[in-house]
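The chain is numbered in sequence order, starting from 1. Ligands are counted one by one from 1 in listed order, and the atoms in each one are counted from 1 as well.
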Amino acid sequence: MGQILYLLVSFLILMSLSFEKKCEIVKISPCQTNCKAVKYPRDCSCDKRSIHCEDRNLTYIPRIPCYIKRLHLSHNNINTLGKNEISNLTCSFQTISYMSLRHCKTKRLDEDAFANLTHLKVLDMSANEIFLHGKENVQSVQIAIGSLNRAPLVSLLLDRLRIRNYVQEIFKYFEGRHVTNLSMQENEIMYFNDKVLENFTQLVYLNLRHNWIHKTDLSSGIPTLEWFDLSHNQINIFPPNFCDNETGQTRYNNLKTLVLTGNQIIVPYFKYWDCLKTLETFKLGRNDMEEINQTYTFSNLTSLKTLTLSKMDFSLRKIGKNALQSDSLLCLDLSRNGLNFEDPKKVDNDIFHYLPNLTLLDVSHNEFGTVGTQKLIKLSRLETLIMKHVDLSQLPDEFLGNFPNLKHLDLSRNNIEHFTMNAFQNLTKLKYLNLSDNLISNFPVLNFHPATLMSLETFDFANNYFQCDCEIVKLQTWINDLLSDSNKHDLLSRYPDSYRCYKPQSLYHVLLKDAEPNNCKLDQIVLSVVCSAIICLVFTLVLVVAFFYRWEIKFLIHKMRQERRDGYHPLPHTFEYDTYVAYAEKDSAWVIHDLLKELEEDKFNIYIRDRYSAPGVARCDEIVDNIYKSKTVILVLSKNFMACQWCNYQLNVAQARAVKLGPRFLIPVLLEGIFIKHMNISTQHLFMTSKPIEWARRSTKNKLFWSELKTALDAEIIQEFEDSVYQSFSTRYGSIDT
Ligand SMILES: *[C@@H]1O[C@H](CO)[C@@H](O)[C@H](O)[C@H]1NC(C)=O
Ligand SMILES: *[C@@H]1O[C@H](CO)[C@@H](O)[C@H](O)[C@H]1NC(C)=O
Ligand SMILES: *[C@@H]1O[C@H](CO)[C@@H](O)[C@H](O)[C@H]1NC(C)=O
Ligand SMILES: *[C@@H]1O[C@H](CO)[C@@H](O)[C@H](O)[C@H]1NC(C)=O
Ligand SMILES: *[C@@H]1O[C@H](CO)[C@@H](O)[C@H](O)[C@H]1NC(C)=O
Ligand SMILES: *[C@@H]1O[C@H](CO)[C@@H](O)[C@H](O)[C@H]1NC(C)=O
Ligand SMILES: *[C@@H]1O[C@H](CO)[C@@H](O)[C@H](O)[C@H]1NC(C)=O
Ligand SMILES: *[C@@H]1O[C@H](CO)[C@@H](O)[C@H](O)[C@H]1NC(C)=O
Ligand SMILES: *[C@@H]1O[C@H](CO)[C@@H](O)[C@H](O)[C@H]1NC(C)=O
Ligand SMILES: *[C@@H]1O[C@H](CO)[C@@H](O)[C@H](O)[C@H]1NC(C)=O
Ligand SMILES: *[C@@H]1O[C@H](CO)[C@@H](O)[C@H](O)[C@H]1NC(C)=O
């Protein structure tokens with residue numbers, strides 16, 4: 001029993017040892033099976049059921065382990081492919097789903113080469129030489145491909161095989177029932193008739209690019225096809241006809257993407273594509289169209305979302321009225337057409353008026369100016385606008401306001417010199433802004449709308465012509481603030497390396513971030529000194545002028561306050577005189593010749609002693625009586641006045657009267673300067689309470705004098721208790737008189 005157990009254990013150990021040894025060779029799990037001796041070239045690598053033997057100059061297909069799924073054999077030297085060569089795959093016949101034999105210099109493909117690869121899904125036979133010897137090989141290729149009927153082949157790549165006209169025959173036995181992807185690019189095919197693919201009932205992607213196709217017959221149709229690439233062929237004058245001549249229907253009922261780029265189509269004959277109601281992406285760039293001018297060119301493509309009409313700068317001369325009509329279009333590429341958008345004969349003014357849903361527009365490498373930009377303003381839904389290299393020299397303030405939804409704006413490589421930040425005011429959703437390679441010398445960045453700055457993720461204004469003068473400091477500060485913000489520190493593209501000074505000469509090519517403009521502080525000091533000097537000068541000038549014309553100015557001000565008098569001064573009935581003039585005998589010449597003359601001309605009623613004094617009346621009474629009969633008293637102050645006893649008496653009486661009638665009652669007139677020490681107390685008091693009117697002979701000051709004097713005479717006098725006081729006074733003195 002023990003012996004049996006011992007034998008069993010040792011057998012098991014032995015088994016597992018030999019097992020491990022096998023695995024050591026290949027080091028992959030698929031070999032842990034009962035498959036025969038597994039060896040494969042040392043140079044190949046294996047990873048998760050994929051064998052990679054690319055570019056090893058192999059002349060045969062190496063023996064591969066079992067249960068391999070993917071076999072990469074491209075760039076080898078396998079001359080012949082037949083049952084024998086394939087036999088090294090025997091162990092994985094049931095599992096291989098992907099096989100690439102690209103670039104293997106294969107010249108012969110035997111009929112039975114693929115017969116046992118019943119699980120193949122992807123086969124890449126591209127770039128081999130199986131058609132090098134023409135006809136003699138064709139039949140075996142037909143049969144070999146036909147044998148793939150047993151496999152669920154989804155993707156067949158037959159690029160660069162010089163298929164040429166054999167394209168009509170190679171699928172003679174192949175039904176292609178499962179194929180979704182078929183690629184036959186670079187095969188020198190000249191004529192393509194879609195009837196050869198009539199049994200490919202699942203075909204979705206068909207690639208025929210880079211052939212020599214100049215003739216097509218698409219009347220059989222491929223109803224499942226979604227993506228058809230016919231680019232870089234030689235289809236000339238008219239596009240391929242997808243629509244039935246009579247019914248106007250198509251058998252390409254699911255076509256979504258049609259690529260006709262790089263042909264020689266001259267006439268965009270819409271009737272040949274009108275019927276493609278499912279078409280979403282239409283690439284027509286790099287053709288030889290001269291004019292796009294028909295209203296229905298694209299308008300019948302009711303699902304069209306993306307249209308490419310780029311790279312026709314050698315032929316395209318005109319895009320006419322209504323030519324770009326489409327309700328559904330979202331993306332339009334008109335780049336590299338060298339069209340002058342300024343010229344309405346070349347680009348119709350309405351060109352963008354019938355694209356209500358457009359969100360992306362690329363017009364790079366054309367010519368724009370202010371007039372050209374006006375053509376875009378109806379595209380209010382734009383989210384992406386690419387205007388690279390369009391000779392734009394200015395950015396009108398209102399222009400971008402037309403596109404409130406803009407997220408991506410590329411204005412690089414233009415000649416923009418400056419703009420105001422109002423230009424970007426309403427772009428609150430902007431994420432990408434490229435202003436690089438323009439002629440901008442400084443940026444009004446400080447005015448960026450906060451919302452714009454918030455949404456912005458990429459901002460490129462490298463390679464501009466920065467003028468590193470004192471103004472640039474603001475920009476440097478703004479950038480530094482930006483970089484210190486954790487959310488925005490990577491906002492600036494290519495900073496700092498591509499941001500360099502252009503001017504002044506001394507800072508040429510210095511990094512913007514390192515530029516320290518000279519003399520900025522000095523300049524400011526100089527500026528402020530100059531400014532204040534100018535202000536001082538102007539101020540002094542004003543003062544001087546004001547001094548020289550002080551009387552004129554005073555007179556003017558006085559006049560302005562004054563309403564014009566017309567020589568009529570109603571005198572309250574209680575008064576007999578407008579004024580009583582108190583003066584020294586020695587000043588009577590002035591009083592009579594100047595004062596009296598001037599005031600009487602203005603019809604003032606004036607009392608002066610020399611004229612009215614009644615003989616025999618005591619002087620004292622006369623003075624008091626007449627002062628009480630006057631509305632005001634003019635005191636003609638002079639040295640003479642100071643020296644005159646009677647004058648002082650009159651002053652005292654007047655001052656006493658002023659107690660009742662208010663300070664306006666007294667009108668001191670200063671004939672000449674008087675030293676304070678020469679004044680008595682009453683005069684000093686007078687000087688304190690009322691401002692004397694100064695006499696002058698000079699014309700303007702003289703006018704001012706009269707004007708002030710007359711105004712003082714016209715002033716209202718308070719008449720409180722006037723009557724009773726005067727009455728009692730008069731009777732009292734009257735009794736004395738008699
Ligand atoms: C590849 O193999 C062929 C034939 O075996 C040989 O002539 C050629 O020199 C090899 N090339 C390289 C690069 O090893
Ligand atoms: C099968 O592969 C082995 C090496 O893995 C190689 O020596 C042999 O020549 C191959 N057989 C054929 C028929 O190519
Ligand atoms: C296919 O495989 C079977 C056995 O697995 C073999 O008998 C037959 O010869 C193979 N046929 C080809 C064409 O390799
Ligand atoms: C078919 O082609 C399309 C477009 O080239 C590709 O995305 C897809 O992966 C391919 N499918 C297969 C199975 O190769
Ligand atoms: C498509 O299949 C039918 C029936 O199998 C066959 O008669 C016809 O020749 C095939 N067409 C092509 C182009 O191979
Ligand atoms: C379409 O009609 C034109 C004449 O109107 C004819 O020349 C052409 O061959 C027709 N094409 C097809 C595919 O029927
Ligand atoms: C294209 O549009 C025009 C005008 O709407 C119409 O007359 C014509 O029938 C349309 N063609 C197709 C194929 O829909
Ligand atoms: C429209 O363009 C074609 C060339 O594509 C030209 O022959 C035709 O005269 C143009 N029609 C008008 C109305 O301009
Ligand atoms: C395009 O715009 C029109 C009117 O502006 C609207 O009625 C229509 O639904 C839009 N079509 C698409 C595909 O967005
Ligand atoms: C921004 O929008 C406001 C209100 O919608 C408008 O008044 C203003 O003119 C716009 N500014 C610019 C530069 O377009
Ligand atoms: C901005 O435009 C320039 C020139 O067209 C380009 O080289 C650069 O990569 C763009 N910047 C970004 C951030 O895309």
N or O pair under 3.5 Å between Lys195 and ligand 5: no
Which residue is it: Asn357, Thr306, Leu307? I am looking for the one with a side-chain contact (heavy atoms from CB on, under 4.5 Å) to Leu330.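 Exactly one candidate clears the test, Asn357.
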Name the orientation class of the two ring planes belonging to Phe174 and Phe200 (parallel below 30°, tilted from 30 to 60°, perpendicular beyond 60°). perpendicular
Classify the ring geometry between Phe352 and Phe341 as parallel (under 30°), tilted (30 to 60°) or perpendicular (over 60°).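 Ring orientation of Phe352 relative to Phe341: parallel.
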Which of the numbered atoms in ligand 5 are under 4.0 angstrom from any heavy atom belonging to Asn199? 1 (C), 2 (O), 3 (C), 8 (C), 10 (C), 11 (N), 12 (C), 14 (O)
Contact atoms of ligand 5, heavy-atom distance to Phe171 under 4.0 Å: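 In order of number, 14 (O).
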Mind checking whether Leu284 and Phe298 have side chains closer than 4.5 Å, heavy atoms only? yes
Does any pair with a residue in residues 141-197 pass disulfide (SG to SG under 2.5 Å), and if so which ones, sequence neighbours excluded?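 Passing the test, one end in residues 141-197: no pairs.
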Determine whether the side chain, the backbone, both or neither of Phe174 has a heavy atom under 4.0 Å from any heavy atom of ligand 5.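 Neither; no heavy atom under 4.0 Å.
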Listing request: all side-chain hydrogen bond (donor to acceptor under 3.5 Å, both in side chains) pairs with a residue in residues 169-182, at least two apart in sequence or in separate chains. Glu175-Arg177
Do Tyr191 and His214 have ring centres separated by under 6.0 Å? no
Taking the six-membered ring of Tyr98 (Phe, Tyr or Trp), confirm whether the NZ or CZ of Arg70 is under 6.0 Å from its centre and within 45° of its axis.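 Checked: cation-pi criterion met.
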Identify, by atom number and element, the atoms of ligand 9 in contact range of [X], meaning under 4.0 Å from any of its heavy atoms.
{"X": "Asp327", "value": "1 (C), 11 (N)"}
{"X": "Asn357", "value": "1 (C), 2 (O), 3 (C), 8 (C), 10 (C), 11 (N), 12 (C), 14 (O)"}
{"X": "Pro356", "value": "2 (O), 5 (O)"}

Sorted by chain and number, sequence neighbours left out, side-chain hydrogen bond (donor to acceptor under 3.5 Å, both in side chains) with Tyr432 holds for Asn434
Under 4.0 Å from ligand 4 - residues by heavy atom, chain and number: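 Lining ligand 4 at under 4.0 Å, by heavy atoms, one finds Val154, Ser155, Asn181, Tyr205.
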